Amino acid sequence: MIQKPRGTRDFLPDEMERRRAVEKRMRDVARCWGYREVCTPEFEELELFTARSGQGIIEEMYVFEDKGGRMMALRPEITAAVQRMYLNEARVIPKPLRWCYFGDCFRYERPQKGRYRQFWQFGVELIGADTPVADAEVIMLARDLLESSGVSFTLHIGHLDFMKALLSDMDPKEQRIVMRYLDKKDDAGLKGHLAVTGRSDLYTSLTALLECRSLDEVTEVTGELPDYKRTEETLGLLDEMEVPYSLDPGIARGLDYYTGIVFEAFADNLGAENQILGGGAYRLAHLFGGDDVPSSGFAIGFDRVMVSLGDTAGEAERVVGIVYTQEGRTHALRVARAFREAGLRTETDIMGRNIGAQITHASKSAQFVAIIGKREQESGTVTLKDLISGEQHELDLPSAVREVVTSGPRG
RNA sequence: GCCAGGGUGGGGUAGUUGGUUAUCCUAGGGGACUGUGGAUCCCCCGACCCGGGUUCGAGUCUCGGCCCUGGCCCCA
C-alpha cells in the first residue's frame, strides 16, 4: 500500500477543525492589529532563498528543475517571498505595510515531534517602518497571537548589536560563527573556537554578556551601543504594556538577514522542538535587487503550537440528524434545508436505513434528531428528539429550528 | 546525516524456552427488524512493516531496509 511521504501528515476532520479554530483566532488577532492576509507561491526560484536564508536552510530545501530548465525550490519559509512580493507588486502602497500570512513550508529534515517536512507557519511582516514603536508593535502582536492560541510560552528578546559590539573587529563571516556558538550556548565550543582563532581575550566578556538580563548590564559589558536609545525605548514600551519577556543577549537567529532586535518564543511544555516563534528586524529587499526597506516580522510554528495544545477538544459542533420514513422523505428534505439555512450541520439518511438504524447512526455524531414520517409530513410538523436527554416532542418547523439553535453547543 | 527505543486487523491489545487455524475489545459492513431498535441477536470483513538468513517449523531468533517515537544537529 502506498504510504504518505515521510515527515508529512494526514489530517482527519476532528484535527482539521481544531487547526482551523486556532488559525481563525490568530487571523482575527492579526486583523484587529491591521495586518491583512497575503499569499505567495509555494515554490519560487531557488535564488530567492539562497540569497540570504542561511546555510542550514539551503541544505535542507526541496529543489527541483522545472520543465523549462529553471531551478526552483519549495519554500522553506515565507518572509523572503513576501519581500519579493512587496518589491514586485506593492512598492507604491503607502507605508507602513502590515501583512500576515498562513501557509505551508517544506524542509527536508529528520522528522520528530514538532518537526515535519511539510509544516505550517503563521507569520506577520511589518514593512517600511523603522522605529522603536514598530519593533514594539510586532512583539506585542506576537504576544497576542500566541495568547489567542492558548499555548503557555515564554518570550525572549535580544539584539544582534549586543554580540556585534564585542565582535566589531572581526569579519562578518567569523562573527557569524562565534554568534552561532553563543546562540547554542555551547560554552566548550566557543572557548575552543576562540582559542584556535587567537581571540581568547573575548571569552570572558562574551560569557558575561550571556548572563545579562537588563540593558544596563549589557552596556556594562559591551560599552556604547549604537542602537541603545532605540532599544531602551522599545523595551520600555513593552514594559509599560506589560508584555512579559526576558532579555536574552544570546539570541542570534538562524536566518542571516536579521539586523536589529530579535526575539523567540518557546512553548513551556515541549521538548527539544520547543521554539514556536522566531523573528526580528531585518533588511532583505536589497538582496533581490530592490530599494532596501526596513522591515520586521516573525513566524509562528503552527504545528508546534498544535502539539503544545494537545488533543484538547474544541467546542463540539451542534449536529442534527434528519430521520425519516419513505412517506416522509419530501418533507424531511425540506426540514433539512430549513436547519441548514439556520447554519446547522444537518445530515440526512442516504443509506435507505429504517428509523431505528438511522437513529443509531445519528447518535454517533448528532445531539438532535428530527423524526419525519407520514404523520409529520401530513401535519407539516417535526418530531424533535434530544438524544442526550432522550426527550422528544412534536413542534412546528420554525420552533424546532429555534430549539436547536438556542440549545448551545454540547457534548 | 548521527544515536537510542519501537512496529501484530482501522484503533487498542494477547501471544510462554521457536510448535495446530494468531487472542480479546472496539470500530466498520451485512442480516433479522418498516415510527424510537442510541437496543438485542446472528453473520462477515480485517493484522504479524518489507526483504534476506538460521530452522523440519519464525509473530517469536538473526541481518539489511522502510517507517514511527525520542535525542543530537538545524530550525518554526
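We use all heavy atoms of the structure for the numbers below, so side chains are in, but hydrogens, waters and symmetry mates are not. Just so it is clear, the model here is predicted, and its values are computed rather than measured. Naming convention: chains lettered A, B, ... in sequence-line order (proteins, then strands); numbering from 1 in each chain.
- Atom C1' of nucleotide B:rA76 and atom CZ of A:Phe298 are separated by 12 Å, given to the nearest angstrom.
- The base of B:rC72 does not come close enough to the side chain of A:Glu109 for any donor and acceptor atom to sit less than 3.5 Å apart.
- At least one cation-pi condition fails for A:Arg318 and A:Phe368: the charged atom is not both under 6.0 angstrom from the six-membered ring centre and inside a 45 degree cone around its axis.
- Base pairing of B:rU40 is made with B:rA32, judged by Watson-Crick or G-U wobble geometry with both donor-acceptor distances under 3.5 Å.
- Between A:Phe266 atom CZ and B:rC75 atom P the separation is 12 Å, expressed in whole Å.
- The base of B:rC74 is not paired with the side chain of A:Arg180 by any donor and acceptor separated by under 3.5 Å.
- Residue A:Ala357 is the one, among A:Ala265 and A:Ala357, whose nearest nucleotide of RNA chain B lies closer to the 5' end (criterion: closest heavy atom).
- Note that A:Arg283 lies outside the cation-pi zone of A:Tyr257, set by a 6.0 Å cut-off to the ring centre and a 45° limit from the axis.
- Protein atom CE of A:Met26 is 11 Å distant from nucleotide atom C1' of B:rA76, rounded to whole Å.
- For A:Gln112, whose side chain is taken as the heavy atoms from C-beta onward, the closest listed nucleotide among B:rG71, B:rU34, B:rC75 is B:rG71.
- Within the shown strands, nothing qualifies as a pairing partner of B:rU20 under the Watson-Crick or G-U definition with both distances less than 3.5 Å.
- Taking atom OH of residue A:Tyr108 and atom C1' of nucleotide B:rA76, one finds them 20 Å apart after rounding to whole Å.
- In this structure, A:Arg75 forms no cation-pi arrangement with A:Phe106, as its terminal cationic atom is not both closer than 6.0 Å to the ring centre and no more than 45° off the ring axis.
- Contacts of A:Gly373 with the nucleic acid, taken as non-hydrogen atoms under 4.0 Å apart, include base atoms.
- Contact of A:Arg110 with B:rC75 (side chain to base): no donor-acceptor pair of N or O atoms is detected under 3.5 Å.
- Within the nucleic acid shown, A:Gly123 has no heavy atom closer than 4.0 Å to any nucleic acid atom.
- For the residue pair A:Thr381/A:Asp396, the side-chain donor-acceptor check at 3.5 Å is not satisfied.
- Between A:Lys113 and the phosphate of B:rG71, there is no side-chain N or O to OP1/OP2 separation shorter than 4.0 Å.
- Between A:Tyr116 and A:Thr8, the one whose closest nucleotide on RNA chain B sits nearer the 5' end is A:Thr8.
- Nucleic acid contact class of A:Arg6 (heavy atoms, under 4.0 Å, all strands): sugar-phosphate only.
- As rounded to whole Å, 12 Å separates atom P of B:rU69 from atom CZ of A:Arg115.
- No contact: A:Gly279 has no heavy atom under 4.0 Å from any strand.
- We find that the ring of A:Phe119 and the base of B:rA76 stack, their centres lying under 5.5 angstrom apart and their planes tilted less than 30°.
- Under 3.5 Å, the side chain of A:Gln392 and the base of B:rU36 form at least one donor-acceptor pair of N or O atoms.
- Counting only distance, with no hydrogens or angles, the side chain of A:Gln275 and the backbone of A:Leu277 share a donor-acceptor pair below 3.5 Å.
- One can place CZ of A:Arg9 at 14 Å from C1' of B:rC68, the figure rounded to the nearest angstrom.
- The base of B:rC74 lies outside donor-acceptor range of the side chain of A:Arg107, with no N or O pair under 3.5 Å.
- At the phosphate of B:rU36, neither OP1 nor OP2 sits under 4.0 Å from any side-chain N or O atom of A:Gln358.
- For the OP1/OP2 pair of B:rG35 and a distance below 4.0 Å, the side-chain nitrogens and oxygens of A:Thr383 include no atom meeting the criterion.
- The partner of B:rG5 is B:rC68, by the rule that a Watson-Crick or G-U pair needs both atom distances under 3.5 Å.
- Following rounding to the nearest Å, A:Phe49 (CZ) and B:rA76 (C1') show an atom-to-atom distance of 15 Å.
- Side-chain N/O atoms of A:Glu376 and base N/O atoms of B:rG35 include a donor-acceptor pair closer than 3.5 Å.
- Seen from the ring of A:Trp120, A:Arg19 counts as a face-on cation partner, given the 6.0 Å and 45° thresholds.
- Note on A:Arg329 versus A:Asp349: no salt bridge recorded, every NZ/NE/NH1/NH2 to OD/OE distance being 4.0 Å or above.
- Scanning atom types as modelled, one donor and one acceptor separated by under 3.5 angstrom connect the side chain of A:Lys385 and the base of B:rU36.
- Between A:Glu23 atom CD and B:rA76 atom C1' there is a gap of 16 Å when expressed in whole angstrom units.
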